[in-house]
Protein chains: 2
Amino acid sequence: MAIKRKPPLHYESRAEIAKALAHPTRLLLLDALQKSEMCVCDLTDLVGADQSTVSKHLAILKNVGLIACRKEGPMSFYRVTCRCLDGFFTCIETVLRANLDAQRAAMGI
Amino acid sequence: MAIKRKPPLHYESRAEIAKALAHPTRLLLLDALQKSEMCVCDLTDLVGADQSTVSKHLAILKNVGLIACRKEGPMSFYRVTCRCLDGFFTCIETVLRANLDAQRAAMGI
DNA sequence: TGGCCATATGGCAATTATGGCATATATTAA
DNA sequence: TTAATATATGCCATAATTGCCATATGGCCA
């Protein structure tokens, strides 16, 4: 049975944000930007990828509203816009730790 | 400049979990499973996709430790393993709401 | 204006994700 | 054992993501 249908719209928009979070480089960027506002050049050094690559990752984060941008002369300074990211990271950490514990338990340690 | 290098391992494993969360169908599944344990057949009806598709989404969530599975006869019952998902969903909702507000403000309402 | 710097964007190839069909596996009932 | 049900997996075509190069854009200074 089970008629085929699309998931409700609010799951789509939620998934858009989760997708933006689902890349190691973007997690690194968010981590850095949570500490302080930074320009693309410094972020490029930090990440160690092509400047255009970093610029695109920043655009992805900006498009879902996780970060914002301020221009100063020829430079762009990015910053995190929401104070709720810790809740997200904490949840991830909790799951990772639980996985490690489960792994240890399975090995009988 | 900017030497090319890979992101640190902990960002990789964090991203794995975020990736599992980054799909509307999987968000729907988690939402349902947060309310109560459910079997694949009921989840298939709920999602409205092929049973194999649902089974694969469940496998993705299980592989990163977000859900677990209990077999009873020929059926598999899945459940959420961590209590921290609300923190994640709340953060997403916060960002979505901020986006709406910003959109309204931009239109001068 | 011309040249230089910082950033953004277009295009492309390679990789990865997705979803359904067909099929395999496992459990239970007749 | 055979049949039926529930779930998982292999396969494949399509779509989305990623990263780099080349290039465009915009600001600043001589």
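By convention in this document, chain letters (A, B, ...) are assigned in the order of the sequence lines, proteins followed by strands, and residues within each chain are numbered from 1.
The salt bridge (Lys or Arg N to Asp or Glu O under 4.0 Å) contacts involving residues 83-100 of chain A comprise A:E93-B:R14, where partners must be two or more places apart or lie in separate chains.
Between the NZ atom of B:K62 and the C1' atom of D:dA8 there is a distance of 11 Å, rounded to whole Å. In this entry the distance linking CG of B:L58 with C1' of C:dG19 reads 14 Å, nearest Å. As rounded to whole Å, 12 Å separates atom P of C:dG19 from atom CG of B:L28. For the pair A:R70 CZ and D:dG27 C1', the computed distance is 15 Å after rounding to whole Å. At whole-Å resolution of the value, CG in A:L61 and C1' in D:dT18 are 14 Å apart. Atom CG of B:D50 is separated from atom C1' of C:dA22 by 10 Å (rounded to the nearest Å).
Put simply, the side chain of A:T81 gets close to the backbone of A:G65: a donor and an acceptor are under 3.5 Å apart.
When each of A:E72 and B:C69 is assigned the nucleotide of DNA chain D with its nearest heavy atom, B:C69 is the one assigned upstream, toward the 5' end.
Residues satisfying the side-chain contact (heavy atoms from CB on, under 4.5 Å) test with B:C41, not counting sequence neighbours, are B:C39, B:M75. Looking at residues two or more places apart in sequence or on another chain, you find no salt bridge (charged side-chain N to carboxylate O under 4.0 Å, His left out) involving A:K56. For A:R70, the salt bridge (charged side-chain N to carboxylate O under 4.0 Å, His left out) partners two or more places apart in sequence, or in a different chain, are A:E37, A:E72.
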Can you pull every protein N or O that's under 3.5 Å from an N or O on nucleotides 16-18 of chain C?
from: C:dT18; atom 1: OP1; to: B:R26; atom 2: NH2; distance (Å): 3.4
from: C:dT18; atom 1: OP2; to: B:R26; atom 2: NH1; distance (Å): 3.4

Between the protein and nucleotides 1-7 of chain C, list the N/O to N/O atom pairs that are separated by less than 3.5 angstrom.
from: C:dT7; atom 1: OP1; to: A:V40; atom 2: N; distance (Å): 3.2
from: C:dT7; atom 1: OP1; to: A:S76; atom 2: N; distance (Å): 3.4
from: C:dT7; atom 1: OP2; to: A:C41; atom 2: N; distance (Å): 2.7
from: C:dT7; atom 1: O3'; to: A:S76; atom 2: OG; distance (Å): 3.2

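Here the NZ atom belonging to A:K19 is positioned 10.5 Å from the CD1 atom belonging to A:I60, to the nearest 0.5 angstrom. How far CD of B:E16 is from CD1 of A:I92: 10.5 Å, rounded to the nearest 0.5 Å.
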query: Are A:V64 and B:V95 close enough, and set up right, to give a side chain to side chain contact (heavy atoms under 4.5 Å, CB included), and what steps lead you there?
result: CA-CA 8 Å; A:V64 299; B:V95 176; 5.7 Å; no
